[in-house]
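Beneath this line is the structure, given in C-alpha cells, with notes to follow.
Each chain gets a letter, A, B and so on, in the order its sequence line appears, and its residues count up from 1.
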Amino acid sequence: MSKYREFKGLDLPAIDAEVLEFWNKEEIFKKSIEERSKDNSFVFYEGPPSANGKPGIHHVMARTVKDLFCRYHTMKGERVERKGGWDTHGLPVELKVEKELGITKDDIGTKISIEDYNKECRAAVMKFKGMWDDLTRKMGYWADLDNPYITFENEYIESVWNLLKNLYDQDLIYKGYTIQPYSPAAGTGLSSHELNMPGAYQDVKDTSAVAQFQLIRNEQSEFLYAEKGEGEVYIIAWTTTPWTLPSNTALAVGKKIDYVKIKTYNPYTKLPVNLILAKELLGKWFKLEQAELDFDSYTPEDKLIPYVILQECKGADLEGIRYEQLLPYVQPEDGDAFRVITGDFVSTADGTGIVHIAPSFGADDMRVGKQNGIGSLTLVDKQGKFVDEVTDFAGRYVKDYQDEADYRSVDIDISIKLKEENKAFNVQKYQHNYPHCWRTDKPILYYPLDSWFIKASDKRERMVELNNTINWKPSHTGEKRFGNWLENLQDWNLSRSRYWGIPLPIWRTAGGDAQICIGSVAELSAEIEKANKALGLSQNTPEDLHKPYIDDVILVSEDGREMRREADLIDVWFDSGSMPYAQWHYPMENEEIFNNNFPADFICEGVDQTRGWFYSLHAIASMVKDSVAYKNVVSTGLVLDKNGVKMSKRLGNVIDPFETLAKYGADPTRWYMMTNAQPWDNLKFDIAGVEEVKRKFFGTLYNTYSFFSLYANIDGFEYKEDRIPLSERTEIDRWIISLLNTLIQEVDAEYANYEPTNAGRKIQSFVEDHLSNWYVRLCRRRFWKGDYTHDKIAAYQTLYECLNTVAKLMSPIAPFFGDWLYKNLNEATGLEDHVSVHLSLLPEVDATAIDKALEQRMDYAQRISSLVLSLRKKEKLRVRQPLQKVLLPILDDKFQEQVDLVKDLILSEVNIKEIEYLTDDDGFIKKKIKPNFKTLGRKLGKNMKAAAQHINGLDQAAISAIEKNNQYTLEINGESYELTTEDFEISADEIPGWQVASDGDITVALDITLTDDLKNEGIARELVNRIQNIRKSSDFDVTDRIKVTIESHDVVAASLADYQDYVAMEVLADSITQAATSDGESVELVDGVSVQIAVAKA
RNA sequence: AGUCUCGUAGCUCAGCUGGUUAGAGCACUACACUGAUAAUGUAGGGGUCGGCGGUUCAAGUCCGCCCGAGACUACCA
C-alpha cells in the first residue's frame, strides 16, 4: 500500500534541496518545455545581467516575477523557452579591469596593448558567472543556462551589425555633433556615469558677469522705445562662464515671465541706460532705496544709482527681437542668430530671468538653438583655448588646463573688456557647483563632439503608437514615464569612445565623403577582398570582430580611395536591445526560430530599465521590424532595506541572497516578495516578513497536509474509490469545493493579468482562513472518528482535492513546495499522470461547483459562531459546556432558509443544542433603521442630511410598516419621495432581557440556563478532554484501545450515569471503572472538582 | 530643476466607479482551547487616512497648492 509521506517538522531548505535534485535528475525543466507544442509558444526574453558583479537580493525579486509567469504559462499548456543571456560590454567592465590592473585609460596603448586590455575585459566579465548560475538554481529560477547568448561573441556582434546596417539603409544613421561633457585636460569626452562619480561636482568660485545686450530698434522692438530714458535699450543676461560670451548667439526668456524695462545708469561707465530684466529679480540687482532717488540730482560720483521702472511686458512680447552681437569676432553661418527666443527652462530662480545662449557650450542651448534655427559659434578649441579669430584672447585657455604658473583668468579679462565697452552691468565672484574631470580634477566643458546617431526622432510617432499597444505593469510606467520620454524623443547617440564593446561597422574616407556600413562578416570579407585587390593589400577577415583587429581593416571606396573605420564603439544599450535577433544569430541563421519568437509575450526588469533596455528593445523593433518587441512588460520596483533605505555596502544593510535562501528556503523568500507589496512598488525587505510567511502560510499548509497524511495513512485512503459527486457530499465539503473553484477562477485571472500579488494573497487567504481554520477545524472528527464510511471518504477526497489544487496554484510562486506537496499527494494515489506539478496543467474551473448561496450561508455560519463564542466568553462559559439554545432574529425568510442549511455546523462548532428563530411577529426584537446613503443620496441630493436625521428617528411601528409595505413616503422640505426597503438598512438592535451580540445585519442571543443534564454532559466532555490529554502525554498511538479508571466522585458518577458510553467511544476505551482510588493523574474537571484518572492500554 | 510614483494603526499592507462605526496580518495585553499543538480561538488598546484649500447633500477616495520619501532624466544661465 502506498503511503503519504509523513514528516517530523517543516524544513523548507531541505525541501528545496530534495526537489532541486529531483528536477535535476528527471530534467523537469527540459521536459516542461519539450512536452509542450511549438505551435503554442509563450515568448519570454531574458534581459541579460552583467556577470562582472555579484548578484543581490533584488535580482531574486525580478527573477521571481520572470519565473512565475513563465511557469504559469507552462501550466497553461504553452511552450516557454527561456534562453539565458549575458551582457558583457560597457564601461563598468572597463573600469573594473582598470581598477584591478591598477591602470587608467591613458595607459591603454602604452602600458597595456588594446589587445591585452580587451582580453582582460573578456575574462573579467564572466568572473561571477558561477555565482549567478548558483543563485539561479537555488532560487528556483528556470532558465537555459547551457546555451545563453553572450554579447561579445562574434555571431552576436554580426547580428548587431546587421541591425545597424538595416537602419543605415533606411537612412536613419548619421554623424552629427552633440554637446557632451568634455575634459580638455584629458582630451576626452566623459560619460554621465563618470560625471556622477563622487567628487566630480566641486564648489568653485568663478567670475560671473551680467552682460548688456543692445537691442536693435525696428518695427518689432519699437514698443520698447516709446518711452525711454537717455541712452540705448539693453537686455541683461547673467553667466557664470563669461568665456562663452564670444560664442553667444541668442538670448532666451520665459514666455510667461514678467519683464520690466527700467531707466538707470551703468555702474561702471555711469552712462544712462535702459535695461530689461525679469520683474521678480529686480530686487536682486537693485535696492529699494535706489528707486526713490532723484534722477535730476544724480552725479556719477554718487554711490547709489537711481532707477525707475518705465514699462512692463511678458517674455512672449520680447520673442524675436534682435540685438547687436556682444563680441563680434565671428558670425555664425549656420543660422539666423542674435535674436530673443523663448525657452521653457528659463526661470526666475537666479540671474536676470534672461539666459545667455551659446549653443556650442550647453545642452539646453544647443537644443533651443536648433529648435529656433539659431546658428552657433565654437570659438574654443578642443584643448580648451580660444581660436585665432578671437583676436585679443586667441590662444588663451578658458580655464587653467596647463597648470600655468601665471595663469590669468580669461573670465576676468573678458569682464574687464565688457566693463570698458559699456557692455557689463555687473561683475562679481560667484560660488557654484561645477563638474570636474575625475582624472585630471580640472573643470569640464560642455563641448560639441562628433558622434554617430540613430535618427530615432524620425520614428517618434510610430514608437508612441506601438507603445500604446503594450500592456505595461504598472500602467503608469508605460503611459507616463515611458510615454513622456517617447514624446520628447531625442536622437540616439550611439558613439562611445572606448575599447571593449561592439565596433561601429562604418568605414569612411579621410574626408568623409564616401562611406560604407557593413552588415555581416560575409560582406566584410567581400569588401576586404575588394580592398586587397584595389590597394594591393593582403588583409584577412579578423577572427575577432573587436578592437584592435577590426581597426586594422582598410576598405576601399568606389573610386579607389582608402576607407578606415570610424573609431567609435556603440552604446551597450544597443547590444542588449538587439537580443531578440542576435540571440539567434538572426538573420544569418535560425530564421524560423526567430519568427516563432518575436515579439516577446512577456519581459520583466527593474524600472530603471525604462530608458535602458525597455527603450532599446522598443526602439530597435520599431525601426527595424515596425513592431513592438514585447507585448507585456512588468517593471519591478526597488528592494530597499526594512527601513526603506537603499541597500549599499557602505551602510552594511545589504541582504545576502544566498544566506536568506539557505536559511529560509527559496519559496518563503519568493512568496514574501510577491505578496508583501506589488512587485512594482518598492519593497522594504524585512527578514521578519519572510519568517512570518514561513510560519503562517507554509506552516499552516504543512500542518494541513500533515493532518491529512496522518489519517489518510491510517485509513488507507488512496483515492481509489470513484470520485463522490458533490451532490452526495456534505454542505461543508461542497462549500470548500465551491470556494476552491472560485479561487481557481480568480487566481488564474490574476496570473493572466500579471498580478502576482493578488494571486498569492488569494491563495494564502484560502489556505489560512478557509481551508485550515474552518474546513479542517470543523471536520477533524470526520477524519479520525469511526469507520471508513462514505462520508469519511468524501472528506478525504475533498481535502485531497483542495491540497492538490493549492499545490498547482501556488507552484508558479513557490515552485519547490508546490512540487513537493503535489508529489506527496500524487505519488500515494497516482491520480495524475505527471511526475512534477510543473508538467501538469492548471485545473479548470468547475463552474457548476461554485455555489454563491452556499458561500454566503457559510459566511453566516462563521459569523454566527463567532458571535456565540464571544457571548460565551462574556458569560465565562467554556465551549465544552453545552448550552440549550441560541436565539436568532430573522429579518427575512431567505435568511432563515440559509441558516437552517448550516445549522448543524453552527451547533457543533459552538456546542449548543438548538437554534430558535425569532420572527418579527413575536414582538421580541427591537429594530434599528439606518438610511442607505448609496441609493438615497442619488434620489435626495441636497435633502440627504435632513432625511438621514428623520430616518434615524423613526420608531418601531414605522419600521415595521416599512418592512410590511415595502413602501415609505418621505416628506422633506416640502418635497415628497417614494422610498422602498432598498433605501434602508434595517437590523435587529436588541432583544429585551437577553445578552446580544451583533455583527452587521446578524444578531444573536444566548440562552445560558444550565440544566443538570447540560451540566452532566459538560462534565462528560471534560472527562473526555482530560483522558485524551493523558493518552497524548503517555504517547499512545491514536488508534490504541484503553482501559480507564476514575476516582469516585458524585459529579463524575452523575455524569457517567448518562454519558459513560459517549466517553468510552470518544476516548477508545474498552472499559471505564469508577473506584475509590485510581493511582492515576490528578486532574481538575471543573472548579473545585478534582479526581484521579488512570489510563492503561487495553 | 523636470517627469513619475508613494504617504492609511508601532510595522507591512487592503480599501471597488465618492455613501456615514476606515479594515486585515504582525507586534502588544488578557482570557480560552489543546487527537493539526513551535498551531488555534475570543476580546482589547491603538488612526487629525501627510498638511491646507476646493468641488459635493456626502471626500481616505475627485481637483489644486504645499510638505515629506523614492525613482528616473537633466544639470542650469
Say we look at [N] and [M]: how far apart would their [atom1] atoms be, to the nearest angstrom?
{"N": "B:G23", "M": "B:A9", "atom1": "P", "value": "14 Å"}
{"N": "B:G47", "M": "B:G54", "atom1": "C1'", "value": "25 Å"}
{"N": "B:C49", "M": "B:U8", "atom1": "P", "value": "11 Å"}
{"N": "B:G68", "M": "B:C31", "atom1": "P", "value": "47 Å"}
{"N": "B:U42", "M": "B:C33", "atom1": "P", "value": "15 Å"}
{"N": "B:U20", "M": "B:A1", "atom1": "P", "value": "41 Å"}
{"N": "B:C65", "M": "B:A43", "atom1": "C1'", "value": "45 Å"}
{"N": "B:A59", "M": "B:G19", "atom1": "P", "value": "11 Å"}

Mind checking if [X] touches a base, just sugar-phosphate, or nothing, with heavy atoms under 4.0 Å?
{"X": "A:Q490", "result": "nothing"}
{"X": "A:N484", "result": "sugar-phosphate"}
{"X": "A:R695", "result": "sugar-phosphate"}
{"X": "A:A677", "result": "sugar-phosphate"}
{"X": "A:G689", "result": "nothing"}
{"X": "A:D686", "result": "nothing"}
{"X": "A:S706", "result": "nothing"}
{"X": "A:T704", "result": "base"}
{"X": "A:Y446", "result": "sugar-phosphate"}
{"X": "A:V1067", "result": "base"}

If a stem is a run of at least 3 consecutive Watson-Crick or G-U pairs, both distances under 3.5 Å, which stems include RNA chain B?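 B:1-7 with B:67-73, B:10-13 with B:23-26, B:28-32 with B:40-44, B:50-54 with B:62-66 - these are the stems of 3 or more pairs that involve RNA chain B.
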Near-ring test [Y]/[X], centroid separation under 6.0 angstrom:
{"X": "A:Y711", "Y": "A:Y796", "result": "no"}
{"X": "A:F707", "Y": "A:F783", "result": "yes"}
{"X": "A:W671", "Y": "A:F697", "result": "yes"}
{"X": "A:Y4", "Y": "A:F708", "result": "yes"}

Which class fits the ring pair A:F7 and A:Y705: parallel under 30°, tilted 30 to 60°, perpendicular over 60°? tilted
Distance in angstrom units between [X] [atom1] and [N] [atom2], rounded:
{"X": "A:I444", "N": "B:C76", "atom1": "CD1", "atom2": "C1'", "result": "12 Å"}
{"X": "A:E487", "N": "B:G2", "atom1": "CD", "atom2": "C1'", "result": "16 Å"}
{"X": "A:N1025", "N": "B:C33", "atom1": "CG", "atom2": "C1'", "result": "9 Å"}
{"X": "A:E692", "N": "B:C13", "atom1": "CD", "atom2": "C1'", "result": "11 Å"}
{"X": "A:Q949", "N": "B:C57", "atom1": "CD", "atom2": "C1'", "result": "13 Å"}
{"X": "A:N488", "N": "B:C4", "atom1": "CG", "atom2": "P", "result": "11 Å"}
{"X": "A:L638", "N": "B:A69", "atom1": "CG", "atom2": "P", "result": "16 Å"}
{"X": "A:N773", "N": "B:C33", "atom1": "CG", "atom2": "C1'", "result": "13 Å"}

Side-chain ([X]) to main-chain ([Y]) donor-acceptor, under 3.5 angstrom:
{"X": "A:R1026", "Y": "A:V1083", "result": "no"}
{"X": "A:T352", "Y": "A:I236", "result": "yes"}
{"X": "A:S1034", "Y": "A:F1036", "result": "no"}

Phosphate OP1/OP2 of [N]: any [X] side-chain N/O under 4.0 Å:
{"X": "A:R780", "N": "B:A36", "value": "yes"}
{"X": "A:K696", "N": "B:G25", "value": "no"}
{"X": "A:N932", "N": "B:G19", "value": "no"}
{"X": "A:R872", "N": "B:U42", "value": "no"}
{"X": "A:K480", "N": "B:U5", "value": "yes"}
{"X": "A:T935", "N": "B:G19", "value": "no"}

Does atom NZ of A:K473 have more than 12 heavy-atom neighbours from other groups under 6.0 Å away?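 Enclosed: over 12 neighbouring heavy atoms sit under 6.0 Å from NZ of A:K473.
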Would the number of heavy atoms belonging to other residues, nucleotides or ligands and lying under 6.0 Å from CD of A:Q949 be above 12? no
Using the side-chain contact (heavy atoms from CB on, under 4.5 Å) criterion, which residues pair with A:T240? Sequence neighbours excluded.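 A:S208, A:W238, A:Y430, A:H432.
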Look at the side chain of [X] and decide which nucleotide, out of [options], has an atom nearest to it.
{"X": "A:K934", "options": "B:A71, B:U17, B:A14", "answer": "B:U17"}
{"X": "A:N703", "options": "B:U40, B:U37, B:A14", "answer": "B:U37"}
{"X": "A:P435", "options": "B:C76, B:U20, B:U5", "answer": "B:C76"}
{"X": "A:V776", "options": "B:C57, B:C33, B:A36", "answer": "B:A36"}

Hey, is the side chain of A:R481 pairing donor to acceptor with the base of B:A71 inside 3.5 Å? yes
Hey, is the side chain of A:S772 pairing donor to acceptor with the base of B:A39 inside 3.5 Å?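 No, the side chain and the base share no sub-3.5 Å donor-acceptor pair.
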If each of A:L778 and A:I354 is mapped to the nucleotide of RNA chain B with the nearest heavy atom, which maps nearer the 5' terminus, i.e. the 5' end?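 Its nucleotide being nearer the 5' end, the pick is A:L778.
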So which one's nearest nucleotide on RNA chain B is more toward 5', A:N943 or A:N682?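 The residue mapped nearer the 5' terminus is A:N943.
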